[in-house]
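Read the structure below first, then the notes.
Proteins come first, then strands; the chains are lettered A, B, ... in the order of their sequence lines, and each starts at number 1.
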Number of protein chains: 2
Amino acid sequence: MLKLTKKADYGLMALKYLAEHPETTALSAKEVADAYGIPAQLLAKILQLLTKNGLLRSHAGMNGGYALARDAREISAYEVIHAIDGPFFITSCTKGAKSCELTPSCTIKEPLARVNDTIAGVLKSISIHDLAEFEQPVGRAREANRLVSLTL
Amino acid sequence: MLKLTKKADYGLMALKYLAEHPETTALSAKEVADAYGIPAQLLAKILQLLTKNGLLRSHAGMNGGYALARDAREISAYEVIHAIDGPFFITSCTKGAKSCELTPSCTIKEPLARVNDTIAGVLKSISIHDLAEFEQPVGRAREANRLVSLTL
DNA sequence: TGAAATCCCGACAGAAATGGTCGTATACTG
DNA sequence: CAGTATACGACCATTTCTGTCGGGATTTCA
């Protein structure tokens, strides 16, 4: 529960991999899949999704493949997850759509919607660059804390 | 994705309902289920789980039922979700268990584990009392913001 | 121009998680 | 003892997730 799907995981891993190889113009789905031992065809579809959503640029033909459409710092984990798994909501029903099908009194949702927003905020504050591993000076200084506020 | 299961939803709703009826000594699973239109037998099992995990006290026999084991402010949404759906992790694999089965280089997990902790923190900071609806003076003053910090 | 590499995409099958039901046993009340 | 409840295990139905297959389109390069 409250778990990322494997697809989203794969997507994040792939973007991370691409971010770590900026020197190359493009990497094929197969290359990335092999690097992590992910089913190639599955990853291919995921990358296609990410392309359709503007997170990647793709190029067919020999030496083709995928590359980040933007700087790794400008792509958030939230976007990736959203592109792959669609809009997410903590609660099954959300007032957004056709409000709650359960009896009128499904009042628990409103507070949880705030939790939902908070989590989304956290995910939005994480970029692919944050996930990638770059050399860091020993005794590396970590970035400043991010503060997320939650109002009930 | 990243969605609460219906069971967890039901559990939260039920606890909320119990919190809103402190005058009664106990409410039966059926009463709560009827109040929300939830399948009674399913809710029963959920309440049993919550009882086993120490969040509720149960009492069989006539006028029996369930009651909060503690003050509503002392029961967090996290506990409820955890009791119902088991430990949750954002990532499929977690170094906790038997580390990642994927190729060694599943390094994305470490940053995500922090996200996981942050979300858990948010959930822990929400109590059943927060979910319940109590009369509030018009122009009600909401509680102070909660700040959650995320370090990458 | 043709072969190879690569992306694109819809359909589908197997597996797993989830939601929900049933039946029975057990405990408490009056 | 009869009625009301909880306790619990087995089971099934449905949905969601993962992964595969097959055919088609695009680009490169010899």
- Task: Could you say whether A/Lys7 or B/Glu31 is positioned toward the 5' end of DNA chain D, judged by the nucleotide with the nearest heavy atom to each?
- Result: B/Glu31

Just to confirm, is there a sub-4.0 Å distance from OP1 or OP2 of [N] to any side-chain nitrogen or oxygen of [X]?
| X | N | result |
| --- | --- | --- |
| A/Ser58 | C/dC8 | yes |
| A/Tyr10 | D/dT18 | no |
| A/Tyr66 | C/dT6 | no |

- Task: Measure from the side-chain heavy atoms of A/Pro39 and tell me the nearest of C/dC8, C/dG19, D/dG19.
- Result: D/dG19

- Item | Side-chain (A/Asn53) to main-chain (A/Leu55) donor-acceptor, under 3.5 angstrom | no

- Message: I'd like to know if the side chain of A/Glu31 and the backbone of A/Ser28 have a donor-acceptor N/O pair within less than 3.5 Å.
- Response: yes

- Task: Measure the spacing between CG of B/Leu56 and CG of B/Leu68 and express it to the nearest 0.5 Å.
- Result: 6.0 Å

- Item | Nucleic acid footprint by protein, nucleotides 24-30 of chain C - heavy-atom cut-off 4.0 Å, B for base, S for sugar-phosphate alone | ---BBS-

- Query: Just by protein heavy atoms under 4.0 Å, how would nucleotides 9-15 of chain C read 5' to 3' in B, S and -?
  - Reply: B-B----

- Looking for any heavy atom pair under 4.0 Å, which part of the strands does B/Ala29 touch: base, sugar-phosphate only, or nothing? sugar-phosphate

- Just how far, in rounded Å, is P of C/dA17 from CG of B/Asp9? 20 Å

- Task: Identify, with sequence neighbours excluded, every residue that meets side chain to side chain contact (heavy atoms under 4.5 Å, CB included) alongside B/Lys124.
- Result: B/Tyr78

